[in-house]
Amino acid sequence: MRISVIGCGYLGAVHAGAMASIGHEVVGVDVDVRKIRALSRGEAPFFEPDLQELLTAGIASGRLRFTTDIAEASGAAVHFIAVGTPQQAHGHAADLTYVNASVDALLPQLQPGDIVAGKSTVPVGTAAELAPRIEATGATLVWNPEFLREGWAVKDTIEPDRLVVGIGASTGSATGQAGEVDAGRRAADILREVYHPAVAADTPFIVTDWATAELVKVAANAFLATKISFINAMAEIAEATGADVTQLADAIGHDARIGRRFLGSGIGFGGGCLPKDIRAFSARAEELGRGESVAFLREVDAINLRRRDRAVDLVIQGLGGSVFERRIAVLGAAFKPYSDDVRDSPALDVAVRLRGLGADVVVTDPAAIDNARRLHPQLTYIEDRDDAIRDADAILMVTEWDTYRRELTPEHASTLTAGRVAIDGRNGWDAAAWRAAGWQYLGMGKP
Ligand code: UDX
């Protein structure tokens, strides 16, 4: 099938590569000339396992190409909208500039029978607002949210755990014509063909209305963020009582209704999705007069941000009351391992705060240093882990890359550092092992 993907950022580049890999003929379109040049050479513009191979294979097969010319989207049966929806510069709502611009650019290319499939994370109600202009061309709009995780993006796209397609004309939608229900059903059938390997593998395929499809995405992210902040709230209680939040998470996680995943306590969530999505959700709920329904998301956000303060406090405590002019090695800059993404990274935020307190901060990360340096050029970066921790008075793990969490032993660290203070911002180290090796170990929500 001929497919266009409008927007070749994280979501779009992976989607384009994945669609080519399952046999479609794909053109990826973006306004960023540098990005398109890199992608056309088969280079992934960001760190993502398997993406490079996917792009190279797609381009070599002749089924994948990238362009800045939107006219090349013409003739595709399905046009995916995969542009970003960042947080507005002033306020918490989502900025829909790129969604609107991509639809404006796409309109002249649409032909009757085409399908426009929105993948971007948008405030509920966006599809109904975009639909009249798109459907005036004879094309059909569906909303098909993505659930990919950075670091697993290729796998999550090719083997998703569910597919959701929101079609127009359900009760309460903007249109409601019988013909449009049929068009929507036909569009859903075409998306079944697009995702044929996942459909053949019996992946749940949920056909719903636009509003539900839009909400599924933000509800999923709101739930995940809440789960993390729940365990981090328990960490705060553990700190007041001498309990151990990791053991608590293990114990409650055995209940299948709760589950252990996403109960990882530490400095909390960041990245390009969870923080902005919960804020945009709150802003949209306010607009709908339902702010109260998701008022708890403010607490989720607040708990999350408090954990960064806590990490800073632990470093101060570990160093005897002040970090001023003390050398601190910060292990990690990315918002999570297997990513070079530093958007809203709690790791980097903690590093910046420590430097603001006068500490001599050295940041290391296996993948994210270039991005971190662009954002915070005032910090000192050292690529090599051992060079970064050499002569440090304290080491602080804030991104749980294997090279820090599993491979860095207290015995080895002892041969390099000046002090013996280990702060575990991700609760990933074995406290007993570090203590046994003579270290002062401080974890999050641990005695
Ligand atoms: C998230 C959603 O998981 C994904 O489904 C959605 O499509 C986009 O947003 P992503 O931002 O890639 O994906 O990261 P995720 O793996 O969810 O982690 C988000 C943040 O939560 C990271 O900063 C991570 O370190 C943190 N986290 C995760 C915890 O603090 N504890 C946990 O137990 C899990």
Side-chain angles (χ1 to χ4, degrees), residues 9-12 14-15 46-49 51 82 84-87 119-122 144-157 159-164 213-214 216-235 245-246 248-250 252-253 258-281 300-301 303-308 310-311 331-350 365 368 397-401 404-405 424-428 443-445:
Y10 218 97
L11 166 60
V14 174
H15 194 66
F46 37 75
F47 177 96
E48 181 63 40
L51 180 57
T85 53
Q87 185 175 327
K119 290 204 84 63
S120 306
T121 303
V122 291
N144 171 222
E146 54 75 27
F147 305 99
L148 59 85
R149 298 159 297 167
E150 293 188 22
W152 302 91
V154 171
K155 186 179 180 298
D156 285 350
T157 306
E159 298 165 31
D161 46 22
R162 79 287 210 190
L163 286 156
V164 176
E214 291 163 330
V216 166
K217 173 59 195 257
V218 284
N221 277 355
F223 192 89
L224 294 172
T226 303
K227 205 169 173 191
I228 298 168
S229 276
F230 176 84
I231 202 64
N232 282 332
M234 295 306 107
V245 74
T246 303
L248 172 80
D250 290 343
I252 63 172
I258 296 174
R260 183 62 174 83
R261 294 175 71 190
F262 267 69
L263 286 182
S265 55
I267 57 166
F269 60 82
C273 291
L274 297 191
K276 68 125 176 133
D277 285 354
I278 60 168
R279 290 173 194 154
F281 194 9
V300 166
D301 206 352
I303 292 163
N304 191 51
L305 295 174
R306 280 205 298 272
R307 299 320 284 163
R308 304 178 185 188
R310 174 66 184 170
L331 306 179
F335 83 105
K336 67 172 191 180
Y338 310 105
S339 168
D340 66 355
D341 198 341
V342 296
R343 286 176 294 170
D344 210 336
S345 169
L348 211 44
D349 194 16
V350 168
D365 191 285
M397 178 169 67
V398 277
T399 314
E400 67 278 33
W401 290 95
Y404 313 139
R405 187 163 80 110
D424 188 354
R426 291 292 184 178
N427 286 344
M444 308 279 297

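Positions are given from 1, in the same order as the sequence printed here. The structure displayed is predicted, hence computed values, not measured ones. In each ligand, atom 1 is the first atom listed, and ligand 1 is the first ligand listed.
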If every non-hydrogen atom of E48 is compared with every non-hydrogen atom of W152, which pair is closest and at what distance? OE2-N, 3.2 Å
Check each protein residue for a heavy atom under 4.0 Å from ligand 1 and list those that pass, ordered by chain and number. E146, F147, L148, R149, E150, K217, N221, L224, I228, F262, L263, G264, G268, F269, G270, C273, L274, F335, K336, R426
S265 meets the side chain to side chain donor-acceptor pair (under 3.5 Å) criterion, sequence neighbours left out, with N427
Under a 3.5 Å threshold, yes or no: a donor from one side chain and an acceptor from the other, between T121 and K276? no
Using side chain to side chain donor-acceptor pair (under 3.5 Å) as the criterion, list what pairs up with R343, not counting sequence neighbours. E150, D341
Determine whether more than 12 heavy atoms belonging to other residues, nucleotides or ligands lie under 6.0 Å from atom CZ of F230. no
Mind checking what makes side chain to side chain donor-acceptor pair (under 3.5 Å) contact with N304, not counting sequence neighbours? none
